[in-house]
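What follows is a short report on a single structure.
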Protein chains: 2
Amino acid sequence: MTSTLGFAILAVLARGERTGYDIAASMRRPVSYFWTAGHSQIHAELQKLLAAELVTYEKEAGPGPQDKKIYRLTGDGTAALRAWITEPPRERPERDELVLKTYAAGLADPAALRRLFADQLARHEARLVEYAREEEAIGGPPAFGDPRWGNYAALRCGLGYERHRAEWCRWMLDQLNASL
Amino acid sequence: MTSTLGFAILAVLARGERTGYDIAASMRRPVSYFWTAGHSQIHAELQKLLAAELVTYEKEAGPGPQDKKIYRLTGDGTAALRAWITEPPRERPERDELVLKTYAAGLADPAALRRLFADQLARHEARLVEYAREEEAIGGPPAFGDPRWGNYAALRCGLGYERHRAEWCRWMLDQLNASL
DNA sequence: CACGCCATGTAAGGAGTTACATGATTGC
DNA sequence: GCAATCATGTAACTCCTTACATGGCGTG
């Protein structure tokens with residue numbers, strides 16, 4: 001009954017023990033571009049994982065009024081994560097606001113559309129530069145056993161996505177320019 | 001205050017009058033791969049759009065116990081849709097279960113991972129064939145004024161996306177094979 | 001002295017899914 | 001007779017976002 005968010009947390013904890021705050025930090029853009037959650041959602045989910053005995057924690061004196069809690073996977077938690085990884089992902093429906101706008105674009109002002117897509121293209125190109133820098137920092141695919149292998153493979157997917165998007169934006173701009 | 005779903009409905013109605021049922025049908029996969037919603041969500045949203053006077057309807061005798069309602073855009077509705085199209089889309093956080101699994105893949109059985117990605121690849125290739133057929137049916141980009149232009153441009157995005165995903169799956173399979 | 005970082009949580013509301021509920025017509 | 005299509009809607013639930021609430025420590 002664990003939600004995908006729950007497994008996302010388990011996946012982060014598989015890399016080492018963390019506080020809820022640390023987990024929230026590592027799930028904030030642009031550090032990880034494949035799952036995001038706010039801290040309030042994470043604290044709530046950690047309580048469910050705790051009840052299911054997939055994680056435990058140790059208290060430490062915290063900076064605020066409450067104690068700091070350092071979470072770590074249990075044996076059950078590791079097993080549940082391992083089993084989940086190779087199960088087929090449940091497909092979430094595609095929801096893409098930009099493509100929806102495109103679908104209705106015939107009604108809009110072509111000049112304004114050009115501004116919209118030029119702006120989107122710039123964003124994708126900026127992310128592409130950023131990801132390429134990260135790829136260079138890792139310097140080629142690590143070995144499969146290495147935990148950085150997961151980071152690299154995810155980064156690869158991000159690079160491919162941004163490239164595809166940038167290309168589509170360029171095609172759209174060509175189309176809009178040709179229609180004038 | 002209209003939600004993206006509201007605009008999705010307005011975008012469908014911009015192509016012609018529809019019942020709630022028709023809208024739900026046109027927003028069901030794989031016909032439109034950029035926004036989806038169930039009929040219960042659509043009926044509820046139509047009531048909000050009605051209250052905001054962005055749509056109107058005419059009653060007709062229906063097949064069930066209730067009357068059939070044929071919805072159509074009002075002047076305000078068309079204006080709201082037109083203005084929305086060229087506004088920058090609010091970015092939704094990326095949530096990709098397969099990439100999340102990849103991030104944690106180091107813990108899993110490589111053979112099971114290979115099955116997972118082979119299966120995903122097959123799905124993307126099947127969609128690619130399907131979309132290519134649809135592209136051929138339209139036969140090149142229609143003129144910008146043509147309402148089918150929006151369909152074609154969205155289809156183009158879908159094609160690029162499936163191609164990128166398929167390529168990434170192939171790269172993953174290569175990696176997994178190399179690690180054995 | 002204000003702001004950002006660290007660190008925990010609750011509460012309210014919107015968005016989306018799934019199941020329940022009704023009922024005529026058409027095709028296997 | 002059973003299932004699918006057409007056609008409407010409500011109810012319960014989960015997931016996610018945003019705002020509220022507390023408070024010490026370090027930096028400019």
Side-chain angles (χ1 to χ4, degrees), chain A residues 1-9 12 17-29 31-32 34-52 55 57-71 89-97 100, chain B residues 1-9 12 17-29 31-32 34-52 55 57-71 89-97 100:
Chain A
M1 295 298 94
T2 307
S3 66
T4 307
L5 172 62
F7 287 111
I9 292 173
V12 171
E17 48 179 40
R18 304 273 144 93
T19 64
Y21 183 88
D22 291 334
I23 297 168
S26 75
M27 284 170 73
R28 196 159 49 210
R29 298 211 76 192
V31 181
S32 82
F34 45 88
W35 207 271
T36 25
H39 78 274
S40 66
Q41 218 188 334
I42 286 165
H43 285 299
E45 189 68 32
L46 278 168
Q47 284 170 24
K48 286 186 207 167
L49 294 174
L50 212 56
V55 300
Y57 67 88
E58 265 168 45
K59 281 183 192 172
E60 246 183 49
Q66 266 127 313
D67 278 341
K68 177 160 127 176
K69 296 176 180 175
I70 300 162
Y71 290 90
R90 45 165 237 175
E91 33 192 325
R92 347 189 99 215
E94 298 283 343
R95 284 205 182 86
D96 193 317
E97 205 175 306
L100 181 58
Chain B
M1 297 301 95
T2 307
S3 68
T4 306
L5 172 62
F7 286 111
I9 293 173
V12 172
E17 49 180 39
R18 303 273 143 92
T19 64
Y21 183 88
D22 291 334
I23 297 167
S26 74
M27 283 169 72
R28 196 159 50 210
R29 298 209 77 194
V31 183
S32 82
F34 45 88
W35 208 272
T36 26
H39 78 274
S40 66
Q41 217 188 335
I42 286 166
H43 284 300
E45 188 69 33
L46 278 169
Q47 283 170 25
K48 286 186 206 166
L49 293 173
L50 212 57
V55 299
Y57 67 88
E58 264 168 46
K59 281 185 193 173
E60 246 182 49
Q66 266 127 314
D67 278 342
K68 177 159 127 176
K69 296 175 180 175
I70 298 161
Y71 290 89
R90 44 167 237 176
E91 34 192 320
R92 349 189 98 216
E94 297 284 343
R95 284 203 182 88
D96 194 316
E97 206 175 306
L100 180 58

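Quick note: numbers below take in every heavy atom, side chains included, and nothing from hydrogens, waters or symmetry partners. Letters go in sequence order (proteins before strands), and every chain restarts at 1. Because the structure is predicted, anything quoted here is derived from the model rather than measured.
Using a 4.0 Å heavy-atom cutoff across all strands shown, A:K48 reaches sugar-phosphate atoms only and no base atom. Residue contacts for B:S40: at a heavy-atom cut-off of 4.0 Å it reaches a base atom on one of the strands shown. Using a 4.0 Å heavy-atom distance criterion, A:R95 is classed as a sugar-phosphate-only contact. Within the 4.0 angstrom heavy-atom criterion, no nucleotide atom of any strand lies near A:R90.
For B:Q41, the side chain to side chain donor-acceptor pair (under 3.5 Å) criterion is met by no residue, not counting sequence neighbours. Residues satisfying the side-chain contact (heavy atoms from CB on, under 4.5 Å) test with A:R95, not counting sequence neighbours, are A:P93, B:W35, B:T36, B:R92. For B:E97, the side chain to side chain donor-acceptor pair (under 3.5 Å) partners at least two apart in sequence or on another chain are A:T4. A:A24 pairs by the side-chain contact (heavy atoms from CB on, under 4.5 Å) definition with A:H39, A:I42, not counting sequence neighbours. Residues satisfying the salt bridge (charged side-chain N to carboxylate O under 4.0 Å, His left out) test with A:E91, not counting sequence neighbours, are B:R123, B:R127. Applying the side-chain contact (heavy atoms from CB on, under 4.5 Å) test to A:T19 and every residue at least two apart in sequence or in another chain returns A:Y21, A:D22, A:K68, A:I70. Legend: residues meeting ring pair (Phe, Tyr, Trp, His ring centres under 6.0 Å) with A:Y71, ordered by chain and number and at least two apart, are A:Y57. A:E58 is linked by a side chain to side chain donor-acceptor pair (under 3.5 Å) to A:R72, counting only residues two or more places apart in sequence or in another chain. With sequence neighbours excluded, no residue forms a side chain to side chain donor-acceptor pair (under 3.5 Å) with B:E94.
Between A:E45 and A:S3, the closest heavy-atom pair is OE2-OG, 3.3 Å.
Remark: A:K48 NZ to A:L5 CG distance equals 8.0 Å, nearest 0.5 Å.
Bracketed by its first and final contacts, the part of DNA chain D lying under 4.0 Å from non-hydrogen atoms of chain B reaches from D:dT5 to D:dT17 in 5' to 3' order.
An end-to-end axis angle of 30° holds for the helix from C:dC1-D:dG28 to C:dC28-D:dG1, taken from five base pairs per end and rounded to 10°.
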I'd like a table of atom pairs between the protein and nucleotides 4-8 of chain C - only N or O on both sides, under 3.5 Å - with the distance next to each one.
from  : atom 1 : to    : atom 2 : distance (Å)
C:dC6 : OP2    : A:Y21 : OH     : 3.0
C:dA7 : OP1    : A:K68 : NZ     : 2.6
C:dT8 : OP1    : A:K69 : N      : 3.3
C:dT8 : OP1    : A:K69 : O      : 3.3
C:dT8 : OP2    : A:G20 : N      : 3.2
C:dT8 : OP2    : A:Y21 : N      : 2.6
C:dT8 : O4     : A:H39 : NE2    : 3.1

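For A:R92, no side-chain nitrogen or oxygen approaches OP1 or OP2 of C:dA15 to under 4.0 Å.
A straight line from CD of A:Q41 to C1' of C:dG14 spans 13 Å, rounded to a whole angstrom.
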